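First comes the structure, then the notes that go with it.
In what follows, chains carry the letters A, B, and so on, assigned in the order in which the sequence lines appear, proteins first and then strands, with residues in each chain numbered from 1. Remember, it's a predicted structure, so these values are computed and weren't measured experimentally. Keep in mind that the numbers below use all heavy atoms, side chains included, and drop hydrogens, waters and symmetry copies.
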There are 2 protein chains.
Amino acid sequence: MDVRRLDLLRELAERGSVTAVAEATGRTPSAVSQQLKVLEREAGAPLTERSGRGIVLTSAGQALARSAADVAIALARADAVWDEFRNDPSGEVTLLTFPTIGATMLPAVLTELQQVPGLVVRATDFDPELAEFAELTADYDIVLAHTMPGVLPWGGRGLRVVPLLTEPLDIGLPATHRLAGRSHLTASDLVEETWLGVPPGFPFERILHAIEQQGGRRVEIAQRFSDMRIVEAFIQAGFGVAFVPRYTSGSLPPELVLKPLRGVPSARQIVALVRPDVAERLAVRTVLDVLVAKAAELGAGGAGTGA
Amino acid sequence: MDVRRLDLLRELAERGSVTAVAEATGRTPSAVSQQLKVLEREAGAPLTERSGRGIVLTSAGQALARSAADVAIALARADAVWDEFRNDPSGEVTLLTFPTIGATMLPAVLTELQQVPGLVVRATDFDPELAEFAELTADYDIVLAHTMPGVLPWGGRGLRVVPLLTEPLDIGLPATHRLAGRSHLTASDLVEETWLGVPPGFPFERILHAIEQQGGRRVEIAQRFSDMRIVEAFIQAGFGVAFVPRYTSGSLPPELVLKPLRGVPSARQIVALVRPDVAERLAVRTVLDVLVAKAAELGAGGAGTGA
DNA sequence: CACATCCATGTAGCGATGCTACATCGTCAG
DNA sequence: CTGACGATGTAGCATCGCTACATGGATGTG
């Protein structure tokens, strides 16, 4: 039972195709196929079977892949213990962020992490419309994701979920709006408004549905954007109101005001998703620690200005 | 961090010399030395340093070796899960036994294990005078050992200790002896006797010292043997009395009787020692299960005849 | 004190292993 | 039916880990 081959099987379980594993590991599909064949011979039972054009794991294959994941964790832990022993988090940590938190928190995080010698963070942002957060953990060490509280769609896959911040979603209004003087808003205030929504399927939608339920009628959604900059610009220009995350929007222009929503729970949960084996690495844990700390600062500071 | 190299470091931590590791793993010392050198380069810190003719692990090396042991466990567990999945304990289990238990229990154990297809047990006995039980776990999957209750000299090394049997040590007398009619014996009965002892350093000695303390004088030890057959023959021939393990002596001739000792705790603890990584293997666990079961039978049945 | 011995390590060379490049075969879509 | 895609076979090549042999330092002995 060679470890490298087991790891290949683990990748196959995650990615689902020989070609994808080959790309991810920098090999040709032929090489992957050969190694899996050897593993199958060693194991003494078929691990994959053809399914249309591709292959799927047999139940035996799935069982072995689970063990392979445990081995990967133990191996990563050995690395981590070693890093810790040398007190030197080594290597590169890749991080995927969605835009809002990327703009607000990441600069401070990376600044702090510059002081750790030998630690390199490679951050990338991504279009949240494509967000299949869980699958992205196969390609990035840390994936920053957001969801509604209570909904953790990625809990089941054995991912480690590190909560960073529970961020209230306020209502963004132009400073000239009739509701701009209020200390807070309710559902009935808002059902009359024209809204700037998010693309269908985004988590924010649920809150809008809750507002519709409480307000007793459907709201009008004029435009749908995922980019907050665009949304803010449209609010300022008077095209509607929208949810604006309280802490992670950065400094807002004076023409735009945020008002908390009452009566409808409106918040998003910001978490870091990590595969359990990469979570063992000291370098990764170091980055996670700073993320948690900075998020806490943001929550404390932001709560003061927002209330 | 290659696993094979880590495993070599683990072996080095256990065996203490490159040559020993080479012999144990079927390689030349040169090969081992080269691989350790590569590992050292990968790790980025010296793992060994010269000490006289040989080498010793640095503290860094010890730390890494500990992690290597954890990796070995995870890997063995993967094997075990796989074996269990196929419901087929595979491979060979090597077992080291001391003579008494080897004669009494092992035949029944191996008979039962013959019914498990694909499982091969290779048993060896060894001269208990050489007994450094713990070190022998490096070369054998299961090492049967005995010690006095409360004394577990091998607890500290991270070995798994599976208790099999607490076996009373009775006093063996010739059937013609003046004490042969008693239902039990005490220390004061025995300090007058001529004894057949064990070689110096054997665990039984402690009990003899306790008898001397309670009896108020030193006993005379005429001969010292480790082989129970010889001891039994000498008892029969009237050369003295001796400790005889109650259950594991097999069928005794009628010229020899066993009498329990009162007032002095006299028992030995029979255990199986297993390295934690090999303890994960299903094949090994299967053998252990049968050992435990047969030992329990022996204890139950033997207690009936002995009391 | 020289010598033999033991242990680790360095060097050259060989064989196994794992990869790439390319070809093939089956499956699905237009 | 044809083109694209995905898995898998084959040949060849580079790398890696091993052996055989030589070297050098430390130890204990005649």
Side-chain angles (χ1 to χ4, degrees), chain A residues 1-58 60-62 64-65 68 71-72 75 135 138-139, chain B residues 1-58 60-62 64-65 68 71-72 75 135 138-139:
Chain A
M1 286 279 196
D2 183 59
V3 184
R4 288 165 31 88
R5 287 192 256 268
L6 276 178
D7 206 52
L8 234 42
L9 184 69
R10 186 185 58 75
E11 288 279 356
L12 181 64
E14 275 182 8
R15 301 181 188 272
S17 89
V18 172
T19 309
V21 174
E23 275 172 21
T25 59
R27 284 184 262 242
T28 56
S30 178
V32 175
S33 181
Q34 289 172 49
Q35 294 309 309
L36 287 174
K37 173 136 293 222
V38 174
L39 180 64
E40 199 162 284
R41 200 169 46 71
E42 285 176 342
L47 302 173
T48 62
E49 58 189 14
R50 304 205 65 131
S51 161
R53 279 198 274 219
I55 59 173
V56 291
L57 290 184
T58 62
Q62 290 171 10
L64 197 54
V71 173
L75 207 45
E135 294 181 7
D139 294 310
Chain B
M1 287 278 196
D2 183 59
V3 184
R4 289 166 33 86
R5 286 192 257 267
L6 277 178
D7 206 52
L8 235 42
L9 184 70
R10 185 185 58 75
E11 289 278 356
L12 182 63
E14 277 181 9
R15 300 181 189 271
S17 89
V18 173
T19 309
V21 174
E23 274 172 23
T25 60
R27 284 183 263 242
T28 56
S30 179
V32 175
S33 182
Q34 289 172 48
Q35 293 309 309
L36 287 174
K37 172 136 291 222
V38 173
L39 180 64
E40 199 161 284
R41 200 169 46 70
E42 286 176 343
L47 302 174
T48 62
E49 58 190 13
R50 304 204 66 128
S51 160
R53 279 199 271 225
I55 58 172
V56 291
L57 289 185
T58 61
Q62 289 170 11
L64 196 54
V71 173
L75 207 45
E135 295 181 7
D139 294 310

Begin with the C-alpha distance, continue with both residues' side-chain angles, and end with the deciding distance and a verdict on side-chain contact (heavy atoms from CB on, under 4.5 Å) for B/Leu57 and B/Leu9. CA-CA 9 Å; B/Leu57 289 185; B/Leu9 184 70; 3.8 Å; yes
Which of residues 23-35 of chain B sit near DNA chain C, with a heavy atom under 4.0 Å from it? B/Pro29, B/Ser30, B/Ser33, B/Gln34
Quick one, which residues of residues 4-19 of chain A touch DNA chain C with a heavy atom under 4.0 Å? A/Arg4, A/Arg5
State whether the side chain of A/Arg15 and the backbone N or O of A/Ala24 hold a donor-acceptor pair below 3.5 Å, judged by distance alone. no
Heavy-atom check, side chain of A/Leu75 versus side chain of B/Leu6, under 4.5 Å: yes
Donor-acceptor pair, distance only, cut-off 3.5 Å: does the side chain of B/Ser33 make one with the backbone of B/Pro29? no
Atom pair distance, as rounded to whole Å: CD1 in A/Ile55 and P in D/dT8: 5 Å
Please give, in whole Å, the distance from D/dG9 C1' to A/Leu36 CG? 15 Å
Could you state the CG-C1' distance from B/Leu47 to C/dA8, rounded to the nearest angstrom? 15 Å
Distance below 4.0 Å between A/Lys37 side-chain N/O and D/dG9 OP1 or OP2: yes
So does B/Asp7 pair up with B/Arg10, basic N to acidic O under 4.0 Å? yes
Looking just at side-chain N and O atoms, do B/Gln34 and B/Ser30 make a donor-acceptor pair shorter than 3.5 Å? yes
Could you check how far CZ of B/Arg53 sits from C1' of D/dT27, rounded to whole Å? 4 Å
Identify each donor-acceptor pair in which a side-chain atom of residues 35-54 of chain A lies under 3.5 Å from a protein atom, sequence neighbours left out, and give them as a table.
{"residue": "A/Gln35", "atom": "OE1", "partner": "A/Arg5", "partner atom": "NH1", "Å": "2.7"}
{"residue": "A/Glu40", "atom": "OE1", "partner": "A/Leu47", "partner atom": "N", "Å": "3.1"}

Please give, in whole Å, the distance from C/dT9 P to B/Glu40 CD? 8 Å
Working note: B/Leu8 + B/Arg27, criterion side-chain contact (heavy atoms from CB on, under 4.5 Å); need CA distance, chi angles, decisive distance, verdict. CA-CA 11 Å; B/Leu8 235 42; B/Arg27 284 183 263 242; 3.2 Å; yes
Could you state the atom-to-atom distance from CG of A/Leu39 to P of D/dT8 in whole Å? 13 Å
